[in-house]
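Below is one structure, written out as structure tokens; comments come after it.
Each chain gets a letter, A, B and so on, in the order its sequence line appears, and its residues count up from 1.
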Amino acid sequence: MRQQSREYITILFICGVLAINYPVLDLFNRSWAPLGIPLLYFYLYLAWFVLIVVLIMVVERSEIRELTESHKSGATRTKGFSRPGGDPDTHEPPESP
Amino acid sequence: MMGDGIIIASALAYMGLLFGIAYYGDQRADAGRSIIANPYIYTLSLAIYCTAWTFYGSVGLAAVSGVDFLPVYLGPTLMAVLFWFVLRRIVRITKVHRITSIADFIGSRYGKSGLLAGMVTLIVMLGILPYISIQLKAIAASFSLLRQYPEVSRLAISTQHPVWMDTTFFVALVLIVFTILFGTRHIDNTERHEGMVAAVAFESMFKLLAFMLVGVVVTFMLFDGPGDLFQHAAEHPDLAPLLRFEVVPGGYGGWLSLTFLSMMAFLFLPRQFQVLVVENVNEAHIRKAIWLFPLYLFAINLFVLPIALGGRLMFNNGDVDADTFVLALPMAEHMPMLALLVFLGGLSAAASMIMFETVTLSTMVCNDLVMPILLRANPRWLAGQTDLSGLLLGIRRVGIVILILLGYLYFRFVSESYALVTSGLVSFAAAAQFAPPILIGLFWKRANRRGALIGLSGGFLVWAYTLLLPAMARSGWIGTDFVDTGLLGLELLKPYALFGLKNLDPYMHSVFWSMLLNIGGLVFGSMLSQPDPLEQVQGSQFVDILKRERHDGDSLLWRGVVETAELYDLLSRFLGPQRATEAFDRYAHDHGGYPLQADSRLIHYTERLLAGAIGAASARVMISSIVMGEVLSIEEVMTILDESTQVLEYSRRLEQKSGELEAASAELREANNRLRELDRLKDEFISTVTHELRTPLTSIRAFSEILLANPDMEVEQRSKFLSIIVKESERLTRLINQVLDMAKIDSGRIEWHMDEIDLRTLIQDAINSTSQLFCDKAVALHEELGDAPVIIDGDHDRLTQVIINLLSNAVKFCPEQGGKVTIRLQPSSNRWRIEVIDNGPGIASDQHKLIFEKFHQVSNAHAGKPKGTGLGLPISQRIVEYHNGRIWVESETGKGAMFIVELPGTL
């Protein structure tokens with residue numbers, strides 16, 4: 001994963017922790033109910049969903065970038081290493097090119 | 001009325017379907033065409049996290065504590081964000097080191113410690129019992145409820161029946177059979193269960209759909225959408241508080257600790273570790289799971305609150321257990337098919353958890369508890385067995401039976417009276433104890449075995465004392481005295497308010513104390529003790545896992561001698577002959593055959609295969625029992641300890657070396673230059689000396705020959721020639737004396753006669769000695785010597801020599817007519833200054849220094865013939881310098897020269 005994506009992810013984690021804890025959470029502990037849904041639930045689920053959407057954007061975009069970059073450089077190196085079932089010797093990581 | 005037969009038949013049919021999927025998955029895996037090798041199956045298999053706790057318990061919790069059910073899913077969501085940093089490391093390590101379980105992982109990290117792995121296994125066994133018990137309870141409760149269809153009522157407590165009439169007991173038995181069928185068909189050398197993963201993925205889909213279906217039905221059929229539902233709830237005086245945060249027990253602190261607990265439990269519950277790490281096929285799948293898994297959690301939680309509120313509104317009188325709302329609502333609405341679907345969803349959620357957890361656990365019990373004990377207790381008997389795979393399977397099967405039965409006992413005696421979530425949290429807190437040794441061990445090399453042992457045991461004891469024992473006590477299983485008044489009647493030891501820490505909910509309280517002891521023990525234990533080489537090796541291999549390209553580092557650790565056949569025998573005993581042959585064939589294929597005498601690589605290869613079957617610690621014991629003279633030298637350890645540090649160190653040393661070389665070569669160059677200079681000077685000296693000697697010799701010889709050839713030469717002529725001969729001889733003598741003086745002075749062999757001398761008298765003597773010279777050349781001498789005697793310390797003869805030399809030089813260079821020399825003696829700031837001034841041609845400023853060099857003679861060009869030996873001034877300089885004085889010349893061309901000698905002395 002690219003350096004920039006890692007930074008996004010770190011920021012996202014910190015924001016996530018802040019968003020679902022005191023004191024931010026307390027701001028939404030009210031009786032008001034937008035669209036008929038109590039604000040506390042509305043906020044928690046919305047924050048959760050937004051977190052997931054941003055995660056999708058960061059992770060998938062990072063993958064697309066990496067794919068295009070590796071296409072440009074003509075490399076066919078795969079990220080990580082795969083392990084088809086039952087064959088212990090394919091567990092080895094690839095040698096560095 | 002729904003017949004028991006229909007329920008049981010559909011449950012068995014569903015389990016059969018799962019078994020079919022698992023079987024198919026294993027077949028495909030053996031054929032090398034895995035069906036689980038894609039990120040979606042991987043993500044779905046992670047959803048084994050959602051057990052009966054999620055399926056039934058979340059609603060039960062939401063019905064009384066509102067939003068309190070959410071941290072259990074928000075925590076894993078946050079952990080998923082960190083997957084790329086944490087999980088990827090763990091997965092990489094696991095693959096490289098053939099790790100098969102969380103106990104194996106911790107044991108391996110801390111020097112392949114069997115003790116630590118065994119301890120982890122024990123903690124897991126105790127910690128997981130409440131968790132297994134709630135699954136059994138959920139299955140039994142849902143079954144009992146469903147069979148009363150269409151009637152919905154609170155159930156009689158099943159533990160009032162004797163065991164043989166207890167539904168839960170039969171559920172446990174059925175699960176034992178299925179688990180053994182699913183999980184212990186053969187020994188896999190990687191401890192992976194692809195078929196089970198495939199089945200889990202299927203049931204994850206199934207339970208999600210079932211749960212969401214109920215949610216949709218409740219929200220949109222029982223009520224007019226979420227707005228209507230929440231409207232009803234808000235108007236209900238009992239339900240309105242559920243919509244606010246105040247109902248959460250423990251407040252924001254409890255909320256935070258619950259989030260933390262579930263973050264850790266999500267990674268470190270044994271089955272989670274199994275699906276997340278051991279069953280991971282490809283690291284790249286983690287990337288997709290980062291967002292896909294949180295999405296799954298989001299979806300399965302979307303309708304928790306509507307169902308809980310709907311249940312509360314529907315069963316107003318409170319005679320239905322909130323933990324069964326999910327099932328009770330479709331039943332109350334007379335939807336038998338949906339109710340059956342929900343029952344199967346809950347069954348699969350609970351059953352898959354039990355099966356996966358106990359298979360994982362039984363592997364740990366076998367590899368990390370029973371086998372090490374057998375290996376140590378009776379290695380000879382073990383060595384005599386030809387095929388141990390049967391024994392391994394047997395141990396695991398017994399393990400599964402014991403675990404599930406213990407779970408049942410815990411249910412019967414302890415957790416019956418608790419809500420699902422309350423019991424489950426006890427297990428979460430136990431799993432969280434593994435977070436410090438793993439997470440800190442991943443990033444801190446110094447963390448060592450002693451620290452991990454101290455931390456883990458401390459954390460575990462606190463956990464047991466503050467959560468497990470009170471839970472047992474409250475169920476009346478042991479006395480409650482220590483809960484109410486503290487152990488031994490000590491207030492400070494009350495398990496829910498340890499050391500007087502009140503106002504925290506029991507989970508936060510337990511998490512705080514156990515983590516404090518666990519982390520503190522790990523950190524300080526590690527700081528205060530030295531790791532042994534193997535621990536250091538493992539530590540640096542784990543921490544630097546992402547930096548390393550090759551991982552054959554610890555094959556260096558085997559330096560023993562063993563026959564390849566012995567290794568093969570060992571392997572076939574644990575894996576069976578067929579798999580062992582396959583493995584060795586593969587090795588031969590990859591490495592072009594294998595040696596008769598196994599090399600370290602083959603030994604390491606075998607160790608890793610064995611580690612897959614019996615765990616790292618046991619594998620090490622087995623291998624070292626047959627490898628002779630296994631030595632782990634500190635030098636070898638150092639070679640692999642830290643590749644990056646080593647490279648740095650290497651380049652630093654190279655730099656240092658090249659610096660030293662540079663300095664040495666510079667020194668050599670300098671020495672060489674000096675030698676060459678000395679050589680040149682020596683050559684010059686010899687040629688000059690020979691030249692200087694030859695000149696007088698030539699004239700002596702010429703005149704002597706003339707005299708010899710002409711015996712009747714005139715007396716006047718003859719005496720003239722003879723006087724030349726005498727003069728030249730004198731010059732020769734002088735030259736030789738001076739060369740000898742020079743050599744003596746240079747080599748330090750000259751004798752000095754230091755004494756109190758009168759400088760004024762000395763100069764006067766010198767003038768007297770040279771008066772003849774002045775007369776000969778008609779040079780006027782002007783004396784300015786003052787009146788008083790000047791007493792200094794010095795060598796009389798040598799200093800006289802200096803003055804004579806200066807005076808004779810001055811005479812030599814005076815013009816033919818009107819030559820004039822002045823000699824002056826005067827004080828000059830603490831020193832005596834002697835000046836000898838002539839009115840000769842003077843000396844060019846570039847010559848001022850050169851004239852003090854040996855054999856250097858000025859004015860060869862002017863005078864045509866050298867007038868001295870070229871040694872007078874160098875000798876004078878050395879004599880003056882010996883007296884701590886100074887000699888130099890001040891002159892300009894054409895304006896005469898002034899030689900100055902300064903000698904130290906009191907005025």
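- For chain A, the nearby part of B:Leu242 is the backbone; its heavy atoms alone come within less than 4.5 Å.
- Counting heavy atoms from C-beta on, the side chains of A:Val58 and B:Ile290 never come closer than 4.5 Å.
- Residue contact with chain B, scored on non-hydrogen atoms closer than 4.5 Å, involves the side chain of A:Leu44 exclusively.
- For residues 13-22 of chain A, no pair satisfies side-chain hydrogen bond (donor to acceptor under 3.5 Å, both in side chains), with sequence neighbours left out.
- Within 6.0 Å of the CZ atom in A:Phe13, the count of heavy atoms belonging to other residues, nucleotides or ligands exceeds 12.
- Proximity of B:Lys288 to A:Val59: side-chain heavy atoms (C-beta onward) are nowhere separated by under 4.5 Å.
- In terms of heavy-atom pairs under 4.5 Å with chain B, the best-connected choice from A:Val54, A:Asp26, A:Leu51, A:Leu39 is A:Asp26.
- Annotation: salt bridge (charged side-chain N to carboxylate O under 4.0 Å, His left out) contacts of A:Arg30 (sequence neighbours excluded): none.
- One finds the CG atom of B:Leu295 at 10.5 Å from the CG atom of A:Leu55 (value rounded to the nearest 0.5 Å).
- The local environment of OH in B:Tyr296 is crowded, with over 12 non-hydrogen atoms from other residues, nucleotides or ligands closer than 6.0 Å.
- Residue B:Tyr40 qualifies as open at atom OH: its count of foreign heavy atoms under 6.0 Å is 12 or below.
- Of the two parts of B:Leu229, neither the backbone nor the side chain holds a non-hydrogen atom closer than 4.5 Å to a non-hydrogen atom of chain A.
- For B:Glu246, the CD atom counts as densely surrounded, since its 6.0 Å shell holds more than 12 non-hydrogen atoms of other residues, nucleotides or ligands.
- Using a 4.5 Å heavy-atom cutoff, the side chains of B:Leu78 and A:Ile20 are in contact.
- Atom NE2 of B:His232 is surrounded by 12 or fewer heavy atoms from other residues, nucleotides or ligands within 6.0 Å.
- Ranked by non-hydrogen atom pairs under 4.5 Å with chain A, the options B:Ile36, B:Ile286, B:Leu70 are led by B:Leu70.
- Using cut-offs of 30° and 60° for the angle between ring planes, the A:Trp48 and B:Phe298 rings count as perpendicular.
- Ring pair B:Phe245/A:Phe28: centre-to-centre distance not below 6.0 Å.
- With chain A as partner, the option from B:Tyr252, B:Tyr73, B:Phe230, B:Phe85 having the largest number of non-hydrogen pairs under 4.5 angstrom is B:Tyr252.
- Between B:Arg287 and A:Glu60, none of the side-chain N atoms (NZ, or NE/NH1/NH2) sits under 4.0 Å from a carboxylate O, so this pair counts as no salt bridge.
- The residue among B:Leu302, B:Asp228, B:Thr259 with the most heavy atom pairs within less than 4.5 Å of chain A is B:Leu302.
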Inset, instruction - Mind running side chain to side chain contact (heavy atoms under 4.5 Å, CB included) on B:Asn301 and A:Tyr45 for me, showing each step along the way? - result: CA-CA 9 Å; B:Asn301 277 291; A:Tyr45 278 86; 3.9 Å; yes
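- Note: A:Leu25 leads A:Val17, A:Leu25, A:Ile37 in heavy-atom pairs under 4.5 Å with chain B.
- Residue B:Val81 forms a side-chain contact (heavy atoms from CB on, under 4.5 Å) with just one option from A:Ile52, A:Ile14, A:Thr10, A:Ile9, and that option is A:Ile9.
- For A:Val53, no part lies under 4.5 angstrom from a heavy atom of chain B.
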